[in-house]
Amino acid sequence: MRRLFFALIALGAAAAPALADEDFSKCEARYAAIGLPVLKSGGDPEPIAVCHQGYAVAFNPDSRVPYWVIERVPKAQLSGKAKRSNKFLPDPALGDASPVDADYRASGYDRGHQAPAGDFKSSQPMTNESFFFSNMAPQVGKDFNRGIWRILETDVRSWILCGDRPELYIITGPVFDEKEKWIPKGKQRVRVPDGFFKVIYDPTRKRALGMLLPNKALDTDTLPQYAVAIKTIEQRTGLVFFPALNKRSQTVLKSSKGILWGVDGSCQAGE
DNA sequence: CTGCCGCAC
DNA sequence: GTGCGGCAG
């Protein structure tokens, strides 16, 4: 009992990391080449903008998951010795609006990273920040988050690490059906997405790829069939991607259903 | 928090 | 072995 008491104190002390969030203008600058995703409706409710070193978020304070999370991943960011902290922390940038561990506990859902922890191997602070709840959404664990979704994340990294792409922009977020599902466990509920998208942009080759997967157990081998036109993701989410690109480029990039990209020969992962 | 466990690749 | 998690102590 005494031991548990001290453990709780230690947890409480560690829960105030005081990792300062960056001024959001820094994120606007970092993603200026393609522009941050725009909510067609203006957002209902209005998103809370969060800027961290490795990613930016438009957080929905009602559903309490992100509208979107954007990363810009240069090759050098994928190499290093940073370790997963496994400390899922309330995001200080969200204040009281941040989900907390108790909101997910015993829900049966994983606290699923939107920007994956593995995208920040070069930096322990950036890896730690990826565990903020501003970057989480409830995901089916077995055969989704730990399966096909992880494979997708690994493939994207391999396209940078092994595919002669100096960097990629990656936007990740949830999609919802009309029928609402919520985790009612915590003091504040969290909405359970019915699916997740990734929109990936290669600024060097000027190519883009959309992926849209249902939030349920899936056969890993079926990943290619979840490629969709980015236009489809826009219709489903009410988001507009790449607002800084000219109309003609946007139309071309968003109109056709893509296929998963490849990698160079002798590189690990991929497939 | 630290450690150990399962699962998939 | 590596990366995604959970859970016990």
Side-chain angles (χ1 to χ4, degrees), chain A residues 1-19 54-55 65 69 71 73 75 77-90 99-163 170 172 174 183 185-186 190 192-193 195-196 198 211 213-224 226 260 262-263 266-271:
Chain A
M1 183 62 95
R2 184 179 182 82
R3 180 176 182 152
L4 176 63
F5 175 75
F6 282 115
L8 290 171
I9 294 297
L11 278 170
L19 285 167
Y55 63 97
V65 295
V69 175
E71 317 160 70
V73 184
K75 186 173 297 201
Q77 190 173 296
L78 297 179
S79 301
K81 57 180 172 35
K83 302 287 187 252
R84 288 173 60 89
S85 65
N86 285 325
K87 290 190 297 195
F88 295 81
L89 299 169
V100 297
D101 219 37
D103 297 333
Y104 281 71
R105 190 169 301 146
S107 68
Y109 291 97
D110 280 6
R111 300 158 293 187
H113 282 69
Q114 304 299 287
D119 285 1
F120 306 103
K121 297 301 288 180
S122 67
S123 163
Q124 192 63 55
M126 286 168 72
T127 299
N128 294 349
E129 286 187 346
S130 81
F131 282 83
F132 285 150
F133 275 103
S134 54
N135 186 40
M136 298 297 157
Q139 287 184 327
V140 168
K142 180 175 165 53
D143 293 334
F144 184 78
N145 183 35
R146 307 172 202 175
I148 193 171
W149 187 252
R150 187 180 71 84
I151 296 301
L152 173 57
E153 293 171 339
T154 304
D155 281 356
V156 173
R157 283 195 288 273
S158 76
W159 298 337
I160 303 169
L161 215 45
C162 318
I170 306 156
T172 307
I183 298 174
K185 299 279 182 180
V190 177
V192 180
F196 292 92
K198 276 188 186 289
M211 299 293 296
L213 284 69
N215 185 20
K216 66 180 189 183
L218 299 171
D219 183 344
T220 298
D221 297 336
T222 64
L223 181 60
Y226 297 104
L260 297 187
V263 300
S266 61
C267 205
Q268 206 169 23
E271 101 179 23

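Convention: sequence-line order gives letters A, B, ...; per-chain numbering from 1.
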Check your understanding: Going by modelled atom types, is there a donor-acceptor pair between the base of dA8(B) and the side chain of Arg146(A) at under 3.5 Å?
Key -> no
Review point. Would you say the side chain of His113(A) lies within less than 4.5 Å of the side chain of Trp149(A), judging by non-hydrogen atoms?
Key: no
Check your understanding: Do Lys121(A) and Gln77(A) have side-chain heavy atoms sitting under 4.5 Å apart?
Key -> no
Would you indicate which nucleotide in [options] comes nearest to any side-chain atom of [X]?
{"X": "Arg111(A)", "options": "dG6(C), dG5(C), dC7(B)", "result": "dG6(C)"}
{"X": "Lys142(A)", "options": "dC9(B), dC7(B), dG5(C)", "result": "dC7(B)"}
{"X": "Ile151(A)", "options": "dC4(C), dC9(B), dG3(C)", "result": "dC9(B)"}

State whether [X] places a side-chain N or O below 4.0 Å from either non-bridging phosphate oxygen (OP1 or OP2) of [N].
{"X": "Arg84(A)", "N": "dC4(C)", "result": "yes"}
{"X": "Arg150(A)", "N": "dG5(C)", "result": "no"}
{"X": "His113(A)", "N": "dG5(C)", "result": "yes"}
{"X": "Asn145(A)", "N": "dC4(C)", "result": "no"}
{"X": "Thr154(A)", "N": "dG3(C)", "result": "no"}

Practice item. Under 4.0 Å between any heavy atoms, over every strand shown, what does Lys83(A) touch: base, sugar-phosphate, or nothing? Just pick one. Key: nothing
Exercise for review: Give Gly118(A) one of three labels, base, sugar-phosphate or nothing, depending on what nucleic acid heavy atoms sit under 4.0 Å from its own.
Suggested key: sugar-phosphate
Interatomic distance, [X] [atom1] vs [N] [atom2] [rounded to whole Å]:
{"X": "Leu161(A)", "N": "dT2(C)", "atom1": "CG", "atom2": "P", "result": "14 Å"}
{"X": "Lys121(A)", "N": "dG1(C)", "atom1": "NZ", "atom2": "C1'", "result": "12 Å"}
{"X": "Met136(A)", "N": "dG5(C)", "atom1": "CE", "atom2": "P", "result": "7 Å"}
{"X": "Tyr104(A)", "N": "dC7(C)", "atom1": "OH", "atom2": "C1'", "result": "19 Å"}
{"X": "Asn86(A)", "N": "dC5(B)", "atom1": "CG", "atom2": "P", "result": "15 Å"}
{"X": "Phe88(A)", "N": "dC7(C)", "atom1": "CZ", "atom2": "P", "result": "11 Å"}
{"X": "Asp110(A)", "N": "dG3(C)", "atom1": "CG", "atom2": "P", "result": "18 Å"}
{"X": "Asp221(A)", "N": "dC9(B)", "atom1": "CG", "atom2": "C1'", "result": "11 Å"}

Check your understanding: What do you reckon, are the aromatic ring centroids of Tyr104(A) and Phe133(A) less than 6.0 Å apart?
Key -> yes
Review point. Counting only N and O atoms by type, is there a donor-acceptor contact under 3.5 Å from the side chain of Asn215(A) to the main-chain atoms of Pro138(A)?
Key: yes
**Study point:** Under 3.5 Å: donor-acceptor pair, side chain of Asp110(A), backbone of Gly112(A)
**Key:** no
Revision key, fill the gap. The answer to which of Arg105(A) and Pro116(A) contacts DNA chain C further toward the 5' end, by nearest nucleotide, is Pro116(A)
Study note, to complete from the structure: Judged by nearest nucleotide, the residue sitting upstream toward the 5' end of DNA chain C, Ala82(A) or Tyr109(A), is Ala82(A)
Review point. What's the verdict on side chain to side chain contact (heavy atoms under 4.5 Å, CB included) for Asp103(A) and Ile183(A), showing C-alpha distance, side-chain angles and the deciding distance?
Key: CA-CA 7 Å; Asp103(A) 297 333; Ile183(A) 298 174; over 6 Å; no
